[in-house]
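Data first, discussion second: the structure below is written as structure tokens.
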Amino acid sequence: ADTTTIYRAASISKSFTAFLMMQLVDEGIIKLTDPVELYLPELRKLNGYSDSTRITFLQLASHTSGLSREPELENANSGDIDEWENKLIASIPTTYIESRPGTKYNYSNIGFGILGLALSRATDKPFMQLMQEKVFAPLGMKRSFYVIRDEDKTKLAVGMEGGPSETIDIESPRTEHQGRGYKVPNGGIYSTPNDLAKFMISNLGYNPILKRQSLETMQTEKGQEPNKYGLGFMIFHNDQISMVGHHGQVLGYTSQFAFEKDSKFGVILMRNYTLGATDLDKASFI
């Protein structure tokens, strides 16, 4: 393993989806306060929907949409990646509005899936193509993608599920390389530590794609204690410092992406196993 080894970034993908959203805001294509159903009218089929529960882009990206964490559709998180949009749309009627939008933090994977599809609809471009053209390519992230390419398979770390005292399972993580159902905008990215460093550098204001005000908006807390969250970014605190970033976990892979805004220091940890001796949050602070 080295800094060019490819891992699954898991929920760090949410930071990319929010970053893409802010690009469209900067370009005047959408507004953070726009109701998402303007672009994705299927949201009217949400379980518990009414005119008083219209959800905005800002609420989806800050986990204040009130949506449940996952849909109740059977096998929503499995299936070929080419079918992710259909799986997401099928999931919407089985997704519950658990609290009035804008009133409460509630981490929602399905919410970020909906966000990604809405961005695609707003631009009339496939989501994965949009990310390649507007984020990966401009930042020179040549080993970041949603579909593992044949030429990159030799650099892909083999995902291992299970802890130190358990039988190691490599087959379950392997099956997910074909797709994870609707889970593309919220957890589908493959990347390397080197590529994630390029994304981090841009979020610190160097080689910026976004306006500085948009970066600040993403990195400012929207939730209440103890759930500190900006737009696509968690805000980590301890007694000494605050960091901005995200962690991620899928079958066989765990990751951590965090930076301290004032000092401009950051850390990226990616590993090809689920449980281990290293606490990624604590290691980042250290």
Side-chain angles (χ1 to χ4, degrees), residues 6 8-32 34-45 55-57 60-61 65 67 71 73 75-92 95 108-153 156 176-191 195-196 198-199 202 209-210 231-232 248 250:
I6 299 168
R8 302 206 78 142
S11 283
I12 295 172
S13 305
K14 293 180 175 70
S15 302
F16 282 83
T17 298
F19 190 87
L20 175 64
M21 176 190 73
M22 294 306 297
Q23 285 183 277
L24 302 190
V25 170
D26 283 353
E27 294 167 14
I29 295 173
I30 63 170
K31 296 178 182 178
L32 287 178
D34 281 345
V36 178
E37 66 187 59
L38 292 176
Y39 307 95
L40 196 62
E42 291 92 338
L43 284 191
R44 296 171 189 145
K45 296 180 181 179
I55 296 167
T56 66
F57 283 100
L60 286 177
S65 65
L67 294 177
L73 179 72
N75 297 321
N77 62 347
S78 64
D80 193 89
I81 194 169
D82 291 336
E83 291 295 313
W84 81 268
E85 291 187 11
N86 292 333
K87 185 63 71 82
L88 177 71
I89 291 170
S91 297
I92 289 174
T95 299
S108 177
N109 280 316
I110 185 66
F112 260 82
I114 288 169
L115 175 59
L117 184 54
L119 299 178
S120 173
R121 293 278 185 87
T123 56
D124 198 27
K125 279 191 175 184
F127 174 79
M128 290 183 281
Q129 177 186 338
L130 203 58
M131 189 68 74
Q132 174 62 34
E133 292 177 356
K134 299 185 76 65
V135 183
F136 296 159
L139 292 179
M141 299 176 65
K142 296 181 180 179
R143 287 187 180 270
S144 298
F145 29 73
Y146 291 91
V147 179
I148 187 73
R149 304 172 298 197
D150 288 341
E151 63 267 31
D152 292 308
K153 288 180 178 178
L156 174 64
E176 288 201 343
H177 294 312
Q178 303 304 314
R180 300 178 59 231
Y182 82 87
K183 292 189 170 184
V184 173
N186 64 310
I189 289 177
Y190 291 84
S191 193
D195 267 14
L196 288 187
K198 295 174 182 178
F199 182 61
S202 187
I209 293 178
L210 290 181
L231 300 182
V250 296

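Just so it is clear, the values below take in all heavy atoms, side chains as well, and ignore hydrogens, waters and symmetry mates. Values in this document were obtained by computation on a predicted structure and should not be read as measured data.
Side-chain contact between Leu119 and Lys125 is absent, with no heavy atoms from C-beta onward closer than 4.5 Å. In this structure the side chain of Asp34 reaches within 4.5 angstrom of the side chain of Tyr39, judged on heavy atoms. Taking the side chain as every heavy atom from C-beta outward, Asp152 and Leu156 never approach each other to under 4.5 Å. Residues Lys198 and Ser144 form no side-chain contact, since every pair of their non-hydrogen atoms from C-beta on lies 4.5 Å or further apart.
Atom CD1 of Ile148 and atom CD1 of Ile81 lie 11.0 Å apart (nearest 0.5 Å). Note that CG of Leu130 and CG of Leu20 are 4.5 Å apart. Values are rounded to the nearest 0.5 Å. Separation of atoms CG (Leu139) and CD1 (Ile209) is listed at 3.5 Å; rounding is to 0.5 Å. Rounded to the nearest 0.5 Å, atoms CD (Gln178) and CG (Asp82) are 10.0 Å apart. To the nearest 0.5 Å, atom OH of residue Tyr146 and atom OG of residue Ser191 are 10.5 Å apart. We find the CE-CZ distance between Met21 and Phe112 to be 7.0 Å, quoted to the nearest 0.5 Å.
In terms of modelled atom types and a separation under 3.5 Å, the side chain of Asp195 and the main chain of Arg143 share a donor-acceptor contact. When atom types are taken as modelled, the side chain of Asn86 and the backbone of Glu83 share no donor-acceptor pair closer than 3.5 angstrom. At least one donor-acceptor pair under 3.5 Å links the side chain of Arg180 to the backbone N or O of Gly187. A side-chain donor-acceptor contact under 3.5 Å links Ser15 to the backbone of Gly232. Within the 3.5 Å criterion, the main-chain N or O of Ser78 finds a donor-acceptor partner in the side chain of Lys87.
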In sequence, state the C-alpha distance, the side-chain angles, and the governing distance for Thr17 and Met131, and then conclude on side-chain contact (heavy atoms from CB on, under 4.5 Å).
-> CA-CA 8 Å; Thr17 298; Met131 189 68 74; 4.3 Å; yes

List the steps, then state whether side-chain contact (heavy atoms from CB on, under 4.5 Å) holds for Leu32 with Met22.
-> CA-CA 8 Å; Leu32 287 178; Met22 294 306 297; 3.9 Å; yes

Check step by step if side-chain contact (heavy atoms from CB on, under 4.5 Å) holds for Phe19 and Ser202.
-> CA-CA 10 Å; Phe19 190 87; Ser202 187; 3.9 Å; yes

Working for side-chain contact (heavy atoms from CB on, under 4.5 Å), residues Ile55 and Leu60 | CA-CA 7 Å; Ile55 296 167; Leu60 286 177; 3.7 Å; yes

Derivation of the side-chain hydrogen bond (donor to acceptor under 3.5 Å, both in side chains) call for Glu27 and Gln23 = CA-CA 6 Å; Glu27 294 167 14; Gln23 285 183 277; 4.9 Å; no

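Asn109 meets the side chain to side chain contact (heavy atoms under 4.5 Å, CB included) test with Ser11, Lys14, Arg69, Glu70, Tyr107, Tyr182, Lys183, Asn186; sequence neighbours excluded.
The two residues Pro126 and Ser120 make their nearest non-hydrogen contact at CA-OG, 3.7 Å. Taking each heavy atom of Val36 and Ala118 in turn, the nearest pair found is CG1-CB, 3.5 Å.
If you look at Phe136 and Phe145, their ring centroids are not closer than 6.0 Å.
Using cut-offs of 30° and 60° for the angle between ring planes, the Trp84 and Phe127 rings count as perpendicular.
Each of Ile92, Leu73, Leu115, Leu88 was scored for a side-chain contact (heavy atoms from CB on, under 4.5 Å) with Ile110, with one residue passing: Leu88.
Residue pairs satisfying the salt bridge (charged side-chain N to carboxylate O under 4.0 Å, His left out) criterion with at least one member in residues 108-122, sequence neighbours excluded, are listed as follows: Glu42-Arg121.
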